[in-house]
Visitor: 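The structure's right below; bear with me while I get my questions together.
Below, chain A is the first sequence line, B the second, and so on; all start at residue 1.
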Amino acid sequence: MRMLESSATFLRGHFSRRIFTIPTATLNRLINDHLRDNGLVEARRIFNQNRTSLDISTWNMMISVYVQRGLMLEAHQVFDQMPVRDVVSWNTMFMGLKKNKDPESVLRHFIEMRRSGLNPDELTIAAIIDAVSGPGSKVLVLQIHTLAIRLGLSLSAYTGSALLRGYTSLRDLRGLERVFKEILLKDVVSWNVLIMGYMKLGFVEDGERAFAEMPERNICREFKVALLLFREMVESWSNRPSHYTFSSVLKACAASSSLLMGRQVHSMISKRGMACDVVLSTSLIDMYAKSGDITAASGVFKSMPVKNTASWNSMIGGFARHGLGVEALEEFERMVQCGYKPDQVTFINLLSACAHAGLVEEGEKQFMLMGRFGITAEKEHYACMVDLLARAGQLDKAERLIKGMPFEPDFVIWGALLGACGLHSCLELGEVAAKGISRLRREHPAAYDVLCRVHGEKGDWTSVMELRRLMRKTKAKKQDASSWIE
DNA sequence: TTAGGGTTAG
């Protein structure tokens with residue numbers, strides 16, 4: 001460090017007297033050494049003094065350091081002042097914006113990058129795909145995939161894994177398989193993401209249909225394929241399953257309530273001595289609870305030498321799912337006694353446990369006590385409370401709670417109220433909820449259903465017919481698609 | 001000089 005400082009003084013001296021021009025390579029190395037040694041202030045000083053003569057790689061490194069420390073404003077400043085930018089400069093910015101959860105800026109910058117005439121590389125494609133992925137972005141994912149194919153980047157495992165995530169988010173099984181086939185050298189990540197995608201889609205879309213079509217007894221078609229892939233991977237030496245692999249597979253087992261496979265994975269984890277991993281154990285609890293085996297979930301939880309908030313949340317959530325409200329409350333008490341700090345999720349789980357078990361008073365009490373732990377009630381907590389009150393038939397109270405909320409009711413809150421109105425055949429409030437949802441310009445799958453049924457029960461067939469007509473009309477509406485990249 | 005996949009909820 002002292003050597004670095006003295007060399008900087010030496011160079012600065014010569015520079016100020018304009019005797020020598022300092023070789024760019026030396027300056028670059030000096031700044032890089034400072035950055036590596038955590039000397040950001042000194043690096044920035046040398047950088048600012050010499051910025052006109054610096055290598056593009058040094059500019060990029062400055063941006064990268066700022067991005068890694070979450071200093072996006074500073075990263076932006078350096079990026080904006082660059083005389084020339086290369087693909088690394090753009091990629092580094094994309095990663096920073098992505099980390100900052102700013103997908104719109106990622107896209108804006110991507111378009112700007114294309115206009116500047118630079119071609120994306122595999123890192124660019126991956127960052128963009130991750131930024132645009134989501135159920136409503138079909139056109140974008142397809143466009144970027146097309147671009148990746150044209151540039152020959154869809155063959156890479158790095159880009160491929162992002163594309164796999166993209167197609168999973170579109171719930172596009174065929175797209176998922178096509179991308180996987182395209183990847184030339186599949187690595188552990190490609191396999192993990194594929195397995196995860198298969199499981200997610202298998203559960204949501206193909207579930208019962210695949211189950212019925214299946215020639216064998218206990219495994220749905222997609223799960224069998226995924227299990228075979230998983231075994232293939234376990235057996236191949238270069239693709240040893242890691243913590244990531246097991247965690248993905250467990251999450252997938254949980255999502256598909258695949259207890260059989262979950263147990264197999266559990267024994268693989270134990271055999272490899274990975275049973276102590278907090279994340280894996282938490283995944284195991286979740287898997288067992290979601291597959292219906294709450295005893296096994298509780299067994300894993302009790303055997304954990306180290307726990308964290310997520311583990312407790314997972315256990316409390318498991319009890320909630322099983323309608324074991326009292327157990328959830330008791331576990332929560334133990335959590336607090338053991339000195340763990342509950343977070344937002346803890347209370348969502350706890351309140352939903354009360355809602356499922358009909359423990360109205362206890363739920364209200366916990367809702368009031370949240371502040372003691374420094375947690376402010378957010379929309380999610382209000383949604384649980386609306387659910388709790390409305391399910392228990394206290395619809396007026398639920399409505400009052402919504403009116404008194406410090407924010408506008410959202411889709412989840414109206415949905416909870418709507419569901420309960422269906423349960424208790426309350427037309428008046430059901431219509432309020434349905435109107436609330438339509439004001440958000442959204443469709444609720446149960447909205448028409450609930451209203452039709454309640455109108456039907458009252459013998460109001462004119463309204464039922466009108467609703468059915470409306471339903472057909474909305475369903476027939478097609479989504480507009482437009483191209484705005486390139 | 002940039003580097004992807006893991007836990008809890010609704």
Side-chain angles (χ1 to χ4, degrees), chain A residues 28-29 31-32 35-36 54-65 67-68 75 85-96 98 121-127 129-130 156-166 168 187-197 241-252 254 274 277-287 289-290 297 300-301 304 307-318 320-321 335 342-353 355 378-384 386-387 410-413 415-416:
Chain A
N28 283 330
R29 225 190 46 230
I31 292 174
N32 289 355
L35 288 177
R36 217 172 299 130
L54 291 171
D55 258 9
I56 194 162
S57 64
T58 306
W59 285 84
N60 289 340
M61 210 156 145
M62 279 307 282
I63 300 175
S64 166
V65 168
V67 161
Q68 274 163 26
R85 295 174 189 137
D86 64 5
V87 69
V88 177
S89 336
W90 288 98
N91 288 347
T92 313
M93 285 304 288
F94 292 144
M95 279 156 208
K98 207 177 84 180
D121 68 1
E122 48 184 313
L123 270 74
T124 321
I125 299 289
I129 285 282
D130 277 336
S156 115
Y158 190 93
T159 309
S161 68
L163 283 166
L164 289 173
R165 279 194 298 281
T168 305
D187 64 8
V188 193
V189 178
S190 337
W191 288 99
N192 285 347
V193 181
L194 176 74
I195 292 170
M196 202 123 118
S242 58
H243 286 211
Y244 288 107
T245 319
F246 283 119
S247 189
S248 320
V249 175
L250 279 176
K251 193 176 180 182
M274 290 175 171
D277 186 290
V278 187
V279 176
L280 283 184
S281 302
T282 303
S283 305
L284 278 170
I285 296 168
D286 189 49
M287 181 276 294
K290 284 181 178 156
V300 173
F301 182 70
M304 285 174 79
K307 298 179 172 86
N308 63 19
T309 305
S311 335
W312 288 93
N313 291 350
S314 192
M315 194 63 244
I316 294 169
R321 192 176 294 277
M335 176 182 187
D343 64 5
Q344 313 270 5
V345 180
T346 316
F347 280 98
I348 291 171
N349 283 343
L350 198 62
L351 295 177
S352 96
E378 291 183 18
K379 272 187 188 170
E380 288 87 347
H381 302 101
Y382 277 93
C384 287
V386 170
D387 191 37
D410 67 355
F411 186 73
V412 182
I413 287 171

Visitor: How long is the line joining CE of Met95(A) and P of dT1(B), in whole Å?
Guide: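 In whole Å, dT1(B) P and Met95(A) CE are 15 Å from each other.
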Visitor: Would you mind telling me which of dA3(B), dG4(B), dT7(B) lies closest to the side-chain atoms of Asn308(A)?
Guide: dT7(B)
Visitor: Begin from the C-alpha positions of Asp121(A) and Thr124(A) and carry the test side-chain hydrogen bond (donor to acceptor under 3.5 Å, both in side chains) through to its verdict.
Guide: CA-CA 5 Å; Asp121(A) 68 1; Thr124(A) 321; 2.8 Å; yes
Visitor: Between Ser352(A) and dG10(B), is there a side-chain N or O to OP1/OP2 distance below 4.0 Å?
Guide: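 Checking Ser352(A) against dG10(B): at least one side-chain N or O falls below 4.0 Å of OP1 or OP2.
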Visitor: How long is the line joining CH2 of Trp90(A) and C1' of dT1(B), in whole Å?
Guide: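 For the pair Trp90(A) CH2 and dT1(B) C1', the rounded distance is 17 Å.
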Visitor: Atom CG of Leu123(A) to atom C1' of dT1(B): distance rounded to whole Å?
Guide: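 In whole Å, dT1(B) C1' and Leu123(A) CG are 12 Å from each other.
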Visitor: Nearest whole angstrom, please: distance from the P of dT2(B) to the CD1 of Ile63(A).
Guide: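 After rounding, the reported distance stands at 12 Å.
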Visitor: The criterion is side chain to side chain donor-acceptor pair (under 3.5 Å); which residues satisfy it with Arg85(A), sequence neighbours excluded?
Guide: none
Visitor: Do we see a donor-acceptor contact under 3.5 Å between the side chains of Ser89(A) and Asp86(A)?
Guide: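 Their side chains do contain a donor-acceptor pair, which is all the 3.5 Å distance test asks for.
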Visitor: Roughly, in whole Å, what's the span from CG in Leu280(A) to P in dT8(B)?
Guide: 12 Å
Visitor: Using a heavy-atom cut-off of 4.0 Å across all strands, would you classify Arg321(A) as base, sugar-phosphate, or nothing?
Guide: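 Answer is sugar-phosphate: Arg321(A) comes under 4.0 Å of backbone atoms only.
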Visitor: How many Å lie between CG on Asn313(A) and C1' on dT8(B), as a whole number?
Guide: 5 Å
Visitor: Name the nucleic acid region contacted by Asp277(A), choosing base, sugar-phosphate or nothing; use a 4.0 angstrom heavy-atom cut-off, strictly under.
Guide: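 If one applies the 4.0 Å heavy-atom cut-off, Asp277(A) turns out to touch a base.
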Visitor: Taking all heavy atoms of Asn308(A) and all of Thr282(A), pick out the closest pair and write down the distance.
Guide: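 Answer, listing the atom of Asn308(A) first, then Thr282(A): OD1-OG1, 4.4 Å.
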Visitor: Test side-chain hydrogen bond (donor to acceptor under 3.5 Å, both in side chains) on Glu380(A) and Gln344(A) and set out the steps.
Guide: CA-CA 9 Å; Glu380(A) 288 87 347; Gln344(A) 313 270 5; over 6 Å; no
Visitor: In whole angstroms, how far is the C1' atom of dG4(B) from the NZ atom of Lys98(A)?
Guide: 7 Å
Visitor: Checking contacts here: which listed nucleotide (dT1(B), dG6(B), dT2(B)) is nearest the side-chain heavy atoms of Asn60(A)?
Guide: dT1(B)
Visitor: If you only use heavy atoms from C-beta on, which nucleotide in dT1(B), dG4(B), dA9(B) is closest to the side chain of Val345(A)?
Guide: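 When the side chain of Val345(A) is considered, dA9(B) is the closest of dT1(B), dG4(B), dA9(B).
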Visitor: Under 4.0 Å, counting only non-hydrogen atoms across every strand here, what does Ser161(A) touch: a base, just sugar-phosphate, or nothing?
Guide: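 Base: the residue Ser161(A), judged by heavy atoms under 4.0 Å, touches a nucleobase.
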Visitor: Nearest to the side chain of Ala157(A), which nucleotide is it out of dT8(B), dG4(B), dT1(B)?
Guide: dG4(B)
Visitor: Report the nucleotide, chosen from dG4(B), dT2(B), dA9(B), that has the shortest atom-to-atom distance to any side-chain atom of Val88(A).
Guide: dT2(B)
Visitor: Counting side-chain heavy atoms from CB outward, which of dT7(B), dT1(B), dG10(B) is closest to Val279(A)?
Guide: dT7(B)
Visitor: Looking at the side chain of Val412(A), which of dT1(B), dA9(B), dG10(B) is the nearest nucleotide?
Guide: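 Looking only at side-chain atoms, Val412(A) lies closest to dG10(B).
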Visitor: How close or far is atom P of dT1(B) from atom CG of Leu54(A), stated in whole angstroms?
Guide: 15 Å
Visitor: Out of dG10(B), dT8(B), dT2(B), which nucleotide sits closest to the side chain of Asn91(A)?
Guide: dT2(B)
Visitor: Measure from the side chain of Thr282(A), starting at C-beta and using heavy atoms only, and say which of dT7(B), dA3(B), dA9(B) lies closest.
Guide: dT7(B)
Visitor: Of all residues at least two apart in sequence or in a different chain, which pass the side chain to side chain contact (heavy atoms under 4.5 Å, CB included) check with Thr309(A)?
Guide: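 Asn313(A), Met335(A), Asp343(A), Thr346(A).
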Visitor: Counting heavy atoms from C-beta on, name the nucleotide in dG6(B), dT7(B), dT2(B) closest to the side chain of Ala310(A).
Guide: dT7(B)
